[in-house]
Amino acid sequence: MTNPSYIFLAGASRGVGREIAHCLTQQQLKVKALLRSEATRGELEAMGIEVVLGDALRVSDVENAMTQGITAVISTIGGLPKDGDRADYLGNKNLIDAAVKAGVQKFILVSSIGSGDSAQALPPQALATLGSVLAEKEKAEQHLIHSGLTYTIIRPGGLKSEPATGNGVLTEDPRVAGTIHRADVAQLVCRCLNSEKANNKILSAVDRQMTYGQTNFVEFNLE
């Protein structure tokens, strides 16, 4: 008997990660989620998700959680400027390294507009506020790019927690900024999972009705 293949999800306890969990389970995909605490375990297990307790900042926890049968990893983990030891770089580095060891086929990293060459899309005050977090996110992006894994990096704009609008779009244009609902980001992530066109791409994610700065841009076609 062969082991069923799983999507490994880090960051499922809240925000975009929770929305991705909903999206994946609606598609009848098997999901294994890495959680730091028991707090949301019951909710995720009720959705049919296998929960593994562990901290992404501990290499052994990540390696023990990422067993055979993982076809893809999706990470939304990160923190705020006030959080101290954040998972933005180190946690994602541990996940990327474990994915390489486990022979994972694809790694989707949810980063942020303002990271890397998309810094030009943000106003100076936003960059000043988020600078330390964005620097960590860029290090995680670079680690993934150089890991040898097939990757997709998605950089959402400002996030809102309202229902999906269906207007979420991706673009390779690093000058684009705007806002987007978390549920729309999740839908884009789930579409990238099955899109070969998204392989080895860095994409910004915004709501086409809520852009600012560079408002004329080419939308990325996942089909």
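In what follows, every heavy atom counts, from backbone to side chain, and hydrogens, waters and symmetry copies are set aside. Only a predicted model underlies this, so the values are computations on that prediction, with no experimental measurement involved.
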Could you see if [X] belongs to whatever hydrophobic cluster contains [Y]? Use Ile, Leu, Val, Met, Phe, Trp, Tyr and a side-chain cutoff under 4.5 Å.
{"X": "Phe8", "Y": "Leu109", "result": "yes"}
{"X": "Val51", "Y": "Val62", "result": "no"}
{"X": "Ile113", "Y": "Ile108", "result": "no"}
{"X": "Leu53", "Y": "Ile70", "result": "no"}
{"X": "Val176", "Y": "Leu130", "result": "yes"}

Close side-chain approach of [X] to [Y], heavy-atom, < 4.5 Å:
{"X": "Ile153", "Y": "Ile145", "answer": "yes"}
{"X": "Glu50", "Y": "Lys30", "answer": "no"}
{"X": "His143", "Y": "Asn92", "answer": "no"}
{"X": "Ile202", "Y": "Arg155", "answer": "yes"}
{"X": "Leu95", "Y": "Leu34", "answer": "yes"}
{"X": "Met210", "Y": "Val206", "answer": "no"}
{"X": "Leu24", "Y": "Leu193", "answer": "yes"}
{"X": "Leu149", "Y": "Val73", "answer": "no"}

Asn216, CG atom: more than 12 neighbouring heavy atoms under 6.0 Å: no

Crowding at CD, Gln125 (>12 non-hydrogen neighbours, <6.0 Å): yes

Polar contact flag, side-chain donor to acceptor under 3.5 angstrom, Arg182-Ser161: yes

No-hydrogen, no-angle side-chain donor-acceptor test under 3.5 Å, Asp184 and Thr165: yes

Closest approach of [X] and [Y], non-hydrogen atoms and distance?
{"X": "Phe217", "Y": "Asp173", "result": "CB-OD2, 3.9 Å"}
{"X": "Ala21", "Y": "Ile49", "result": "CB-CD1, 3.7 Å"}
{"X": "Ser195", "Y": "Leu222", "result": "OG-O, 2.8 Å"}
{"X": "Leu57", "Y": "Gly91", "result": "CD2-N, 3.7 Å"}
{"X": "Ile96", "Y": "Ala140", "result": "CD1-O, 3.8 Å"}
{"X": "Lys137", "Y": "Ser111", "result": "CB-OG, 3.6 Å"}

Using 0.5 Å steps for rounding, measure from the [atom1] atom of [X] to the [atom2] atom of [Y].
{"X": "Leu203", "Y": "Lys197", "atom1": "CG", "atom2": "NZ", "result": "12.5 Å"}
{"X": "Arg41", "Y": "Ser13", "atom1": "CZ", "atom2": "OG", "result": "13.5 Å"}
{"X": "Ser112", "Y": "Glu136", "atom1": "OG", "atom2": "CD", "result": "13.0 Å"}
{"X": "Leu170", "Y": "Cys192", "atom1": "CG", "atom2": "SG", "result": "5.0 Å"}
{"X": "Ser118", "Y": "Leu122", "atom1": "OG", "atom2": "CG", "result": "6.5 Å"}
{"X": "Leu188", "Y": "Cys23", "atom1": "CG", "atom2": "SG", "result": "9.5 Å"}

Stepwise side-chain contact (heavy atoms from CB on, under 4.5 Å) check, Asp207 with Lys160: CA-CA 11 Å; Asp207 188 301; Lys160 295 187 172 185; over 6 Å; no

Trace of the side-chain contact (heavy atoms from CB on, under 4.5 Å) decision for Leu159 with Thr179: CA-CA 6 Å; Leu159 295 165; Thr179 53; over 6 Å; no

So does [Y] get a backbone contact from the side chain of [X], meaning a donor-acceptor N/O pair under 3.5 Å?
{"X": "His181", "Y": "Pro163", "answer": "yes"}
{"X": "Thr71", "Y": "Ser5", "answer": "no"}
{"X": "Thr152", "Y": "Lys201", "answer": "no"}
{"X": "Asn199", "Y": "Thr150", "answer": "no"}
{"X": "Arg175", "Y": "Ala121", "answer": "no"}

Residues forming a side-chain hydrogen bond (donor to acceptor under 3.5 Å, both in side chains) with Thr67, sequence neighbours excluded: Lys32

Audit row: Thr76, Glu19, side-chain contact (heavy atoms from CB on, under 4.5 Å) steps and yes/no: CA-CA 11 Å; Thr76 68; Glu19 295 291 347; over 6 Å; no

Pair Lys106 + Glu196: basic N to acidic O under 4.0 Å: no

Test: Lys101 and Asp97 ion pair at under 4.0 Å: no

Stepwise salt bridge (Lys or Arg N to Asp or Glu O under 4.0 Å) check, Arg191 with Glu223: CA-CA 9 Å; Arg191 287 177 61 203; Glu223 304 305 325; 3.2 Å; yes

